[in-house]
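One structure below.
Computation of the quantities below employed the complete heavy-atom set of this structure, encompassing side-chain atoms and omitting hydrogens, waters and symmetry-equivalent molecules. Numbers for residues simply follow the sequence, beginning at 1.
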Amino acid sequence: MGVFVIFLAAAYGVAVGSLLPRAAYRLSVEPGEPWRKHSGWFGPAPHGGPAWRVAAVTGAVCAVLAVAVGARPELAVFAGLAPVLVLLALVDLAVHRLPDVLTLPLAAACAALLGAAALSPGAAGSWRLALLGGGALGASYLVLFLINPAGMGLGDVKLALALGVALGWYGWGVWAAGAFLGLLYGALYGLGLVLRGRAGRKEGFAFGPFMAAGALTGVLLGGFGA
């Protein structure tokens, strides 16, 4: 059963991941500009990555979630929504933007679907803590944005709502680990850019992928712990 669930999650990730590059291309525009016209679902990602690589990454993310979470109801939520995070990462890498058309529905969907999962037999988390976690992480990132608007965008704040819901599901320990690791991953990447002379200390970079990576790490830890 476990192997079948992992295979199913990986196959889903690959299938949906193969469609993401063109979606990312359409959404990778500057604020105020219209979405690019649809030109087919297959093609290169906006930053030059081939479609097979995006599909492989998405499949791997869904597979590791299945390994950690197992055949519990929340797996359908985490693996089902994981491709949206990959899509957001592609767009953020391309234009340093996290569109509201993705971040806000993602937060709502994560909260609603985890609420449904909490009612199912075998669920290992808490919907109440998930909602509190979403509000807490969103508020934390809002404070960071108000302190340093140049280093944090409102898109990051809105993404934090969804990530906080996912992390809060397994409790405050997982929430704290995922939130901290997202900041740590981003800080280490930024430090690496500075040390290599590829960016100034105040120059911005796409932070969304690191937030997502931290949340993924936290959810994996929570899944294994549960």
query = When you look at Val219 and Trp169, which way does the side-chain contact (heavy atoms from CB on, under 4.5 Å) test go after all the steps?
reply = CA-CA 9 Å; Val219 169; Trp169 173 259; over 6 Å; no

Transitive ILVMFWY side-chain link [X] to [Y], under 4.5 Å:
{"X": "Phe207", "Y": "Leu144", "result": "yes"}
{"X": "Leu216", "Y": "Leu75", "result": "yes"}
{"X": "Leu183", "Y": "Ile147", "result": "no"}
{"X": "Leu119", "Y": "Leu131", "result": "no"}
{"X": "Leu154", "Y": "Leu27", "result": "yes"}

request  = Test Cys110 against every option in Val84, Leu161, Val165 by the side-chain contact (heavy atoms from CB on, under 4.5 Å) rule and name the one that passes.
outcome  = Val165

ask   = Leu98 and side-chain contact (heavy atoms from CB on, under 4.5 Å): which partner among Leu106, Val157, Asp92, Val91?
value = Asp92

inquiry  = Return the CG to CG distance between Leu167 and Leu137, rounded to the nearest 0.5 Å.
reply    = 7.0 Å

query = Once you round to the nearest 0.5 Å, how far does CG of Leu184 lie from CZ of Phe210?
reply = 11.0 Å

remark   = Contacts of Arg97 meeting side chain to side chain donor-acceptor pair (under 3.5 Å) (sequence neighbours excluded), chain-then-number -> none

key: side chain to side chain donor-acceptor pair (under 3.5 Å) against Tyr170, all qualifying residues, sequence neighbours excluded   = Glu74

